[in-house]
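One structure is given here, and the rest of the page talks about it.
To find a chain, count down the sequence lines: A is the first, B the second, and so on, and within it residues start at 1.
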2 protein chains.
Amino acid sequence: MSTSAQEGAASPRRRPTIDDVARLAGVGRGTVSRVINGGHNVRPAVRDAVNEAIDALGYSVNQSARNLARGHTGSIAFVISERQERLFEDPNFGLFARTFSRQLRHSGRHLLITSAGDEEEEHFLGDYLTVGHVDGALLALTHDEEPLLPRLQASKLPFVVLGKPLGFEKALSWVAIDDENAAFTVASFLAGKVEGAIGTVTGPLQTSSGLERLDGFRRALGDRYRPDLVATGDWSLHSGRQGTEMLLRNHPGLRGLFIASDLMAVGAIGALRAAGRRVPEDVAVVGFDDSAAATMAEPELTTIRNPIERLAIEALRILDDQIAGRVRSPVQLVLGSELVVRSSA
Amino acid sequence: MSTSAQEGAASPRRRPTIDDVARLAGVGRGTVSRVINGGHNVRPAVRDAVNEAIDALGYSVNQSARNLARGHTGSIAFVISERQERLFEDPNFGLFARTFSRQLRHSGRHLLITSAGDEEEEHFLGDYLTVGHVDGALLALTHDEEPLLPRLQASKLPFVVLGKPLGFEKALSWVAIDDENAAFTVASFLAGKVEGAIGTVTGPLQTSSGLERLDGFRRALGDRYRPDLVATGDWSLHSGRQGTEMLLRNHPGLRGLFIASDLMAVGAIGALRAAGRRVPEDVAVVGFDDSAAATMAEPELTTIRNPIERLAIEALRILDDQIAGRVRSPVQLVLGSELVVRSSA
DNA sequence: ATGAAAGCGCTAACAA
DNA sequence: TTGTTAGCGCTTTCAT
């Protein structure tokens, strides 16, 4: 390989270029380009010669040069704007990431996962995205205050938001589940199961999901809804435990619990058990998400299953429409979820 | 399609280039370049004029062009070669990612997280990495069979492995904790606490960590070590539960348990409780990792805390040495861990 | 089917 | 301090 030094052709330890290949194969530069891009309209014999030269030189394309010439990069960013700790905690992120990767691979593109832990990082990330590193972005946002959104909106980078972006519902493209309806469904199921008081531990109330799941719960309970049986959580297992402890303190006679996420539900069950309550005999519990936690819990959780993969696929489709310029105006899509009945309620 | 001809200044809908800025500001192209790269050696007045033109045009640099001209990209990849599900499960990944991001930001560089779920994706990822998208890579590997390693080794991409790469210990640069010693420490602590039989649920035995933690356990127990009190796990909560159930079936009189990860320890405690054992009164339990699970468990886990952040920082330092060409030969680094005593043992 | 040549937008060396 | 110029390595017409 590096023997090439001596030869009249290549230079010391420089990465071989398309010209080196062309020279070695005795063809023009354009022909090499054709070969590495599918090999169409190239005589088989010539193609083989070129490929030989490529192997001999250990040539691989310079992506920067290709990007520059083509005007795009073939990479899509999956942006997780998550405050610190919880970066890798949300079970849906993994599924989103996997689905995106798989879909993109079909078209020879790559997924880049990026995250922003704080304001400064978010700004830095904005630079990255708007400067042409990627052709488009998929955004998973988790807090309301989103400096990234206006920033990206001002840039011309195509992007789609995962989840309803509060305050930007009309202006941006996004895909989301119908949180309100799903919560209504599972809470109704719970209300039909138990007679007594039913409480809830919500998600963060500054998020669209947190808010709407509470709305759905309230609608399902109707006049059985009691504001004093609402505890606010933050999706974490810990907050599920704490919220439940509080509820239990205030209302020892509690009979049912709608917990806005499975992870929090695991915490809730822990609190229930510590307080000597049996699930579901004394207190019935339902969760939300059908994440891995749902089947690891004891008893297994009755919960809501979301169409994450379909959401991912649709988001990508919308993004590609934007990238290709097929659509100019924002597109929104809401998908329904399904009830999964197990043994916790 | 350079319709740019018409207007004296800007053109229809093309992204403005450095030339547009130069023209509008009435300076040379080089001056604009200087301004956007720190503004050194440029008269303040001129700098302001250029910045004004930049704002007026909404100019931002074309990263591909810059990469091509500079010969590097300013991006580092964090490669998580994780088989499917567990992608976002390992609590350390988040901390690694955050630490890398933060460190890189100090030097104006970006972290790209990429993952490979299966063989095909791993190959595809190899393309990505070796083709000049990034200046270097940090690899978190989780299985032994690693086609990526030889592939990257053959390319000239600088990279550092997180964790000891079995079979490549001498050939590659890597950083890792001293699993054997750490396991010895915590298992010794456990052995000093309880009198009776002590068992273990290990990690996967094809991984260096799984293996060495078992070695450390064995060394700590000495002749109290019993091969029939060893269950093999796979780091998952579920496997911790299963392994413990098995151990309990075979040896109801079990008094202590060394569980090779906190997450598995949570499963183990669940199994113990289901079997009517109290922790630590009946069975003392120690974990490993000091992850979030350690303090969420009831009782809180006595465990081992690993210097993840230092590991990350050192890995990056080694990588940068390689990128800069300051070192040519592989570098290895092993860091010690510390015992954290809580209430599970 | 193939070679030649014109960019893609930027950096950096070189003059001035 | 500043403008000019020569690449960076590839894709893509445009002839042939």
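A donor-acceptor pair is defined here as one N or O able to donate and one able to accept, closer than 3.5 Å; such a pair exists between the side chain of B:R151 and the backbone of B:H123.
Protein atom CG of A:N67 is 10 Å distant from nucleotide atom P of D:dT11, rounded to whole Å. Look at NE2 on A:H72: it is 13 Å from C1' on D:dT12, rounded to the nearest Å. Atom CD in A:Q63 sits roughly 19 Å away from atom P in D:dC8 (whole-Å rounding). Between B:R15 atom CZ and C:dG9 atom P there is a gap of 9 Å when expressed in whole angstrom units. Here the P atom of nucleotide C:dC10 and the CD1 atom of B:I36 are 6 Å apart, to the nearest Å. Look at CG on A:N41: it is 16 Å from P on D:dC14, rounded to the nearest Å. Taking atom CD1 of B:I18 as the reference point, atom P of D:dT5 lies 16 Å away to the nearest angstrom.
For B:R34, whose side chain is taken as the heavy atoms from C-beta onward, the closest listed nucleotide among C:dA4, C:dT11, D:dG3 is D:dG3. Of the candidate nucleotides C:dT11, C:dT2, D:dC10, D:dC10 has the atom nearest to the side chain of A:R29. Candidate nucleotides D:dC10, D:dT11, C:dT11 were compared by shortest atom distance to the side chain of A:T17, and D:dC10 ranks first.
For D:dC10, neither phosphate oxygen OP1 nor OP2 lies less than 4.0 angstrom from any side-chain nitrogen or oxygen of A:N62. Distances shown here put a side-chain N or O of B:T31 below 4.0 Å from the OP1 or OP2 atom of D:dG3. For the OP1/OP2 pair of C:dT11 and a distance below 4.0 Å, the side-chain nitrogens and oxygens of B:N37 include at least one atom meeting the criterion. A close approach under 4.0 Å does occur between a side-chain nitrogen or oxygen of A:R66 and OP1 or OP2 of D:dT11. Phosphate proximity of D:dC10 to A:S33: absent, as no side-chain N or O sits under 4.0 Å from OP1 or OP2. Residue B:R70 has no polar side-chain atom (N or O) positioned under 4.0 Å from OP1 or OP2 of C:dC10.
You'll find the side chain of A:P330 stays beyond 4.5 Å of the side chain of A:L172, heavy atoms only.
In this structure, the salt bridge (charged side-chain N to carboxylate O under 4.0 Å, His left out) partners of B:E314, at least two apart in sequence or on a different chain, are B:R317.
At a threshold of 4.0 angstrom between heavy atoms, the contacts of B:G30 include nucleobase atoms, whether or not backbone atoms are also involved. At a threshold of 4.0 angstrom between heavy atoms, the contacts of A:V32 with the nucleic acid are absent.
Defined by atom type and a distance below 3.5 Å, a donor-acceptor pair is missing between the side-chain atoms of B:R66 and B:T73.
For an aromatic pair to be called close, the ring centres must be under 6.0 Å apart, and A:F100 with A:F96 satisfies this.
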